[in-house]
Visitor: 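Before I ask anything, here is the structure I am working with.
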Amino acid sequence: MQFNAPRGTNDILPPASLKWQYIEKITRELFADYNYEEIRTPIFEYTELFQRGIGEVTDIVEKEMYTFEDKGGRSITLRPEGTASVIRSFLENKIYGQAQPTKYYYIGPMFRYERPQSGRFRQFHQLGVEAVGSNDPALDAEIISLGMRFLLKFGLEDLSLHLNSVGCKSCRPKYVDVLKDYLIKNRDLLCDDCKSRIERNPLRVLDCKNERCHSVINDAPKIVDHLCGECDEHFSSVQEYLDILKIDYNINPKLVRGLDYYTNTAFEIKDSSLGAQNTVFGGGRYNGLAEEVGGKDIPGIGFALGIERLLLSIEAQNIELPVEKGIDLYITVIGENAKKEAFRLNDLLRNTGFKTDIDYLNRSVRSQMKSADRMNADYTIILGEDELKNDSATIRNMKTGDEKSIKLSSLIEEMKQLVYGEEKQDE
Ligand code: ATP
Ligand code: MG
């Protein structure tokens, strides 16, 4: 019997895992520059958190959650996204009692029961940021610029930033009424999904992907024309701050987050070189969320990016990430005595900070050299009875073919010279 990984999940094997490590490294470095700190929340939460935190009338809650009852009879859900958990933790740990804003980032797996296809999986990975405790539009611009800069770090091009405002508790309902009237008038031109959305959540019609609805959507009243004074000012201010940073954006009236607690800024970054799933990441303000999940009225803004989709973008744009698989030295062994000495030296080298390896299958010298090649070793050394007896061995540079005769007892010093000496010259 052979097992397969569940549908919609992936093993991330080397060398691909090196790319993942690289992305995570860039994330941690760049986000630290912006003074965001890592938060790690549980992979599962009580189901109700997501029902309230994401909203009942959403694809995620209606169709996509991995929900089960645990042995204690509690309803548990594997997290489909990160924001609800972060806000739950912020409230539970009374972080609001500290100096604000609080700036967190997270990286980890998310779970959604979706139809697997390119860029869409059941276990996928997001990295995201949340800035909680301030309604300053400059913070919106900071978050957007962080997202843009993150993507630029990988050398991505053809990115477009889409920006919109979804108003607030006081102005959005008025807009929704106007939109609803319009949609009712054009009902016959809409797809079946959208027909049912008119009553349940008319904003969702605006991001319908069905061709059929496009003409109706394109001529729909725009929310930015219906913002209250405060929201209008916030939106202008975000744009002003983006202008200061020379970040281009398109105002996209179709970009909405169809939930009550999303407020003001909504944004997405799209990669025009990708196909259907071309949104690399999205985010926005959620000033009403903390209240919705049982807490205080605390503003927040964040974004989440799908790592699998980032990798697709990187691939589509033929970008080689600077990841290098390889070791410093492979020790080729001939004979039992040499093996023991090689085993000891291998340990010593590693403890000194070198990446090294030896054979564990008692293979021929030829096969061992092949292994060295496969491991992308910079250097090899052959150890046999003679080398031990004479305290002398030959180090071979695998790239250039150059060989150097050394005293075995000074192997560490020689390696330092070869590896670090070279690096200095490279600089
Ligand atoms: P989509 O419109 O593609 O379904 P979404 O609105 O559901 O996206 P968000 O909830 O905003 O996506 O999640 C943020 C990011 O997470 C997306 O932009 C995407 O990069 C990634 N993402 C979402 N769902 C999946 C999935 N099932 N598989 C892989 N990546 C995903
Ligand atoms: Mg989705």
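This chain uses plain numbering: 1 for the first residue, then up along the sequence. Just so you know, ligand 1 is whichever comes first in the structure, and atom 1 is the first atom listed for that ligand.
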Visitor: Just one of Leu227, Val256, Val166 clears the side-chain contact (heavy atoms from CB on, under 4.5 Å) bar with Arg172, so which one?
Guide: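 That would be Val166.
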Visitor: Below 4.0 angstrom from a heavy atom of Lys209, which ligand 1 atoms are there? Numbered from 1 as shown, please.
Guide: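 What qualifies from ligand 1 is 2 (O).
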Visitor: Ignoring hydrogens and geometry beyond distance, is a side-chain donor-acceptor pair present between Thr77 and Thr67 at under 3.5 Å?
Guide: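 There is such a pair between these side chains.
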Visitor: Counting only heavy atoms, tell me which of Phe124, Phe121, Phe111 gets closest to atom 30 (N) of ligand 1.
Guide: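 Considering heavy atoms of Phe124, Phe121, Phe111, the nearest to atom 30 (N) of ligand 1 sits in Phe124.
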Visitor: Using a strict 4.0 Å threshold on nitrogen-to-oxygen distance, state whether Arg350 and Asp357 make a salt bridge.
Guide: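 Yes, this pair counts.
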Visitor: Do the charged groups of Arg285 and Asp140 touch, with an N to O distance under 4.0 Å?
Guide: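 Salt bridge between Arg285 and Asp140, a charged N being under 4.0 Å from a carboxylate O: yes.
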Visitor: Quick test of your reading of the model: are Lys296 and Glu291 salt-bridged, counting only N-O distances below 4.0 Å?
Guide: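 The answer is no: the pair does not qualify as a salt bridge.
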Visitor: Decide if the gap between the ring center of Phe150 and the ring center of Phe154 is smaller than 6.0 angstrom.
Guide: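 That pair passes the under 6.0 Å test.
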Visitor: Under 4.0 Å from ligand 1, counting heavy atoms only, is it the side chain of Val280, its backbone, both or neither?
Guide: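 For Val280, only backbone atoms sit under 4.0 Å from ligand 1.
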Visitor: Considering only heavy atoms of Gly306, which atoms of ligand 1 have at least one such atom less than 4.0 Å away?
Guide: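 Contacts of ligand 1 toward Gly306, numbered from 1: 15 (C), 16 (O), 20 (O), 21 (C).
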Visitor: What part of Gln126 sits under 4.0 Å from ligand 1 if we count only heavy atoms: the side chain, the backbone, both or neither?
Guide: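 Within the 4.0 Å criterion, Gln126 contacts ligand 1 through side-chain atoms alone.
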Visitor: Which ligand 1 atoms, with their elements, are less than 4.0 angstrom from a heavy-atom of Thr279?
Guide: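 Atoms satisfying the 4.0 Å criterion: 18 (O), 20 (O).
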Visitor: Determine whether any heavy atom of Glu81 lies closer than 4.0 Å to an atom of ligand 1.
Guide: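 In this structure, Glu81 fails to qualify as a contact of ligand 1 - no heavy atom is under 4.0 Å.
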Visitor: Number the atoms of ligand 1 from 1 as they appear, then name those within less than 4.0 Å of a heavy atom of Ala304, with their elements.
Guide: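 In order of numbering, the contacting atoms are 14 (C), 15 (C).
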Visitor: Is Arg120 near ligand 1, meaning one of its heavy atoms is under 4.0 Å from it?
Guide: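 Arg120: in contact with ligand 1 (<4.0 Å).
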Visitor: Within the 3.5 Å criterion, strictly below it, is a donor on Lys254 or Asn218 matched to an acceptor on the partner's side chain?
Guide: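 On atom types as modelled, these side chains qualify, holding a pair under 3.5 Å.
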Visitor: Can you sort out which atoms of ligand 1 are near Glu114, meaning under 4.0 Å from one of its heavy atoms?
Guide: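 Checking each atom against Glu114, I get 24 (N), 25 (C), 26 (C), 27 (N).
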Visitor: Under the criterion salt bridge (charged side-chain N to carboxylate O under 4.0 Å, His left out), which of Glu142, Glu38, Glu37 is the partner of Lys103?
Guide: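 Single pass found, and it is Glu142.
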Visitor: If we only count N/O pairs under 3.5 Å, is Glu308 in contact with ligand 1?
Guide: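 Not met; the criterion fails.
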